[in-house]
2 protein chains.
Amino acid sequence: MGKRHSLAMNLDAVAQKAAVSTSTVSRVLNNLEVVKSSTRSRVLKAAEELNYHPNLHARSLARGKSRILGIIVSNMENPFFLDIYRTLESDAHARGLEVVVANTDYQSAQLVASVQLMIGLRVAGLAVIVSEMEEHLIQTVANSRIPAAFYDVGTPQKNITNIRVDYRKGTKKTVSYLSSLGHRRMAFIGHHSTLGPISERRKTFLESVHRCSSTAEAKIFAGPDGLDGGRQAARELLESGFRPTAILCVNDFMAVGVMRELREEGLQIPRDVSVTGFDNIKLAEFCSPPLTTVHIPREEIGHIIFDNVLGNGREKHDTGREIVIDPELVIRDSTGLAAKT
Amino acid sequence: MGKRHSLAMNLDAVAQKAAVSTSTVSRVLNNLEVVKSSTRSRVLKAAEELNYHPNLHARSLARGKSRILGIIVSNMENPFFLDIYRTLESDAHARGLEVVVANTDYQSAQLVASVQLMIGLRVAGLAVIVSEMEEHLIQTVANSRIPAAFYDVGTPQKNITNIRVDYRKGTKKTVSYLSSLGHRRMAFIGHHSTLGPISERRKTFLESVHRCSSTAEAKIFAGPDGLDGGRQAARELLESGFRPTAILCVNDFMAVGVMRELREEGLQIPRDVSVTGFDNIKLAEFCSPPLTTVHIPREEIGHIIFDNVLGNGREKHDTGREIVIDPELVIRDSTGLAAKT
DNA sequence: CTCTGCCATGCAAGCGCTTGCAGGATTTGC
DNA sequence: GCAAATCCTGCAAGCGCTTGCATGGCAGAG
């Protein structure tokens, strides 16, 4: 019944205008060197004049694969994830791949939808940066045979690599550092989350504090994630009457929120109370006072993920491995000697 | 020559397994209500067992269109763009559309590539949030007949809407406010950029200062964009010997960087010098001191863009219009009465 | 001037899905 | 019990592109 999609501009149109076959047009557009240069330029001219843009769906379909790197990320606002994403993106572009991102917003329904999307798109590779994922879904990805790498999720699977940061170590380093400054009464401010990495930090915190000194006190507070959440949690802490000399926060955003609230309360940092963060986002360096925090090498992580998804074949497609990254403590001005009480 | 792509799992496989035709499978998967429920569940079961995921490329090809909203953005790290993006994304999801984003990093080559990608993907709608775009490229988008909206770019075109913020007004409000506090010596800190909206602010700044008082002094400084850039520009300002009582920054990030440097120099804000930003990002509320800045309603902008791209038909597809948004001054603690000199 | 061989191009099948149309099976009405 | 209406399902064409194979033309060799 002829053209159903009137406005469509396709290879045929170009072929006709250039008086060649579609195959030739295709070859020109794909830079196959078999085409005579006079023909080539004629085709190029026709395509240009018709304002032709190849239909990527048709191309992927015909080729049986797409040149797309899929990225699933739980929260783009988090500079932590954002940085990893940016690295992946630039690696992909360097390899001539397009990128499609899906944000899950920590919603498991979104995660499922995103995975469906990526598989449906038959992406060339998939990076999943989400902190938590059901075993079932991981299996789905594994079954799809799409080369994939996860950040901080579940256990390694067949042809899937899992990359994670040793949060325990980071937390331990922070606690020992604070302990060495004389702190014996500490609080941990986390957020309402059952995410693995988060509860890991919480647990390690308690253990470490008690290992450093049997008389040490440790309490845990929580608020929603983010600047506001940190502030809110700090408020609760203040109202609880507990007066720690040091506060460890689950991430830098919350730490900045916490500092804001403490300052409002008239407390000085670090004179009255020390504060630490986690991640070492840019802001940590620029807030006031600059924040002592745990640095996580996000660029490095991004590169590792990319290499494991679409690396030059060096070591990809091993039977899934686990790669563990060591975090480093960065000392700035938000921590100091414990105040005498 | 049989299956070229061995691992492919397609409709046929499901159809065979469920002992029906591909058409039926297709109808089940698309929830067409014509299928007998016993057949339906048989198909669903087969699909499930085979771990089948429809090929979205084939689907888009057959349907002649995709259910994808394309978003092109110049810099995801900028919370300003990020917020607009997030709004668009949630609007899209609410309508059952997928989203694909392309980051241009302010590189014009990337912009071209992104536009190609979106057109190639035959996206259902396109939002372009990039601050600057060649007329030629705008035309390309217009010619593609894809419903599109631009933020802050060029002139309205046929079936393309342009949305922009009245930066002049925002800058004027800031200057008059500072002027009313007695400031007569002001600096503007921008970044190295020829982007329209930026030079607009710069120019308006100079005009406004001189309009407020003929004896007022105004100078302009610049650095790279971002926290570091603000710091660097502040350094230059300090070294220049110019001692303004107020500094207007082109955006909040730069303002925070500026404040950091001033503080290091021993200056107090706002006692010694007032500082203002632009955009009113979250950080503006949490930095120290909280920043006086110009609020730009990013969510609202996001919704407007979406409505203009894929709105319920209410008013989309007008012959391109221009929508202008009014910014509001938000007064916080980084500004105060001018110091006596 | 004919023969071999290569170069540039065209032919046509196929990628996985949708969908208008047709037709067999099952109901319903009388 | 039979015709008509209804319901499901299948057939097959087509979406725009790629690509293995076939072929026409032309150059150089003899």
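Everything numeric in this text was worked out from a predicted model, so none of it was measured. Side chains are part of it too, since the values below use all heavy atoms of this structure and drop only hydrogens, waters and symmetry mates. So that the names make sense, note that chain A is the first sequence line, chain B the second, and so on, each numbered from 1.
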Which one, D:dG16, D:dT18, C:dC17, comes nearest to the side chain of A:R63?
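Nearest listed nucleotide: D:dT18.
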
Of the listed nucleotides C:dG16, C:dT19, D:dT18, the one nearest the side chain of B:L61:
C:dG16

For B:I301, what residues pass the side chain to side chain contact (heavy atoms under 4.5 Å, CB included) criterion, not counting sequence neighbours?
B:I84, B:Y151, B:I163, B:V165, B:I296, B:I305, B:I325

Listed pairs, N/O of protein and of nucleotides 7-10 of chain D, under 3.5 Å:
| residue | atom | partner | partner atom | Å |
| --- | --- | --- | --- | --- |
| D:dT9 | OP1 | B:T39 | OG1 | 2.2 |
| D:dT9 | OP2 | B:K36 | N | 2.9 |
| D:dG10 | OP2 | B:S21 | N | 2.7 |
| D:dG10 | OP2 | B:S21 | OG | 3.0 |
| D:dG10 | OP2 | B:T24 | OG1 | 2.6 |
| D:dG10 | N7 | B:R27 | NH2 | 2.6 |
| D:dG10 | O6 | B:R27 | NH1 | 3.3 |
| D:dG10 | O6 | B:R27 | NH2 | 3.2 |

Tell me: [atom1] of [X] to [atom2] of [N], nearest whole Å?
X	N	atom1	atom2	value
B:H57	C:dC17	NE2	P	12 Å
B:M9	C:dC15	CE	C1'	15 Å
A:N31	D:dC17	CG	C1'	16 Å
A:N10	D:dT18	CG	P	12 Å
B:R59	D:dC17	CZ	P	21 Å
A:L29	D:dG16	CG	C1'	12 Å
B:L56	C:dC15	CG	P	19 Å
B:L32	C:dT19	CG	P	8 Å

side-chain hydrogen bond (donor to acceptor under 3.5 Å, both in side chains) involving B:D225 - partner list, sequence neighbours excluded:
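Once residues adjacent in sequence are excluded, the partners of B:D225 under the side-chain hydrogen bond (donor to acceptor under 3.5 Å, both in side chains) criterion are B:N251.
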
With sequence neighbours excluded, what pairs up with A:R40 under the side-chain hydrogen bond (donor to acceptor under 3.5 Å, both in side chains) test?
A:N31

Keeping to residues at least two apart or across chains, list the ring pair (Phe, Tyr, Trp, His ring centres under 6.0 Å) pairs with something in residues 28-55 of chain A.
none

Quick check on the helix from C:dC1-D:dG30 to C:dC30-D:dG1: what's the angle between its two end axes, five base pairs per end, to the nearest 10°?
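Roughly 40°, once rounded to the nearest ten degrees.
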
Just list the side-chain donor-acceptor pairs under 3.5 Å for residues 69-78 of chain A, sequence neighbours left out, or say none.
| residue | atom | partner | partner atom | Å |
| --- | --- | --- | --- | --- |
| A:N75 | OD1 | A:E77 | N | 3.0 |
| A:E77 | OE2 | B:R86 | NE | 2.5 |
| A:E77 | OE2 | B:R86 | NH2 | 3.3 |
| A:N78 | OD1 | A:F80 | N | 2.8 |

Would you list the pairs meeting side-chain hydrogen bond (donor to acceptor under 3.5 Å, both in side chains) in which at least one residue belongs to residues 13-22 of chain A, sequence neighbours left out?
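For residues 13-22 of chain A, and leaving out neighbouring residues, the side-chain hydrogen bond (donor to acceptor under 3.5 Å, both in side chains) pairs sorted by first residue read A:K17-A:E49, A:S21-A:S23, A:S21-A:T24.
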
Salt bridge (charged side-chain N to carboxylate O under 4.0 Å, His left out): which pairs involve residues 112-125 of chain B, sequence neighbours left out?
none

Within a strict 4.5 Å, meaning less than it, do heavy atoms of the A:L88 and A:I129 side chains meet?
yes

For a quick check of understanding: with a heavy-atom distance under 4.0 Å over all strands, which category does B:D12 fall into, base, sugar-phosphate or nothing?
nothing

Heavy-atom pair of closest approach, residues A:V141 and A:S144
O-OG, 2.6 Å

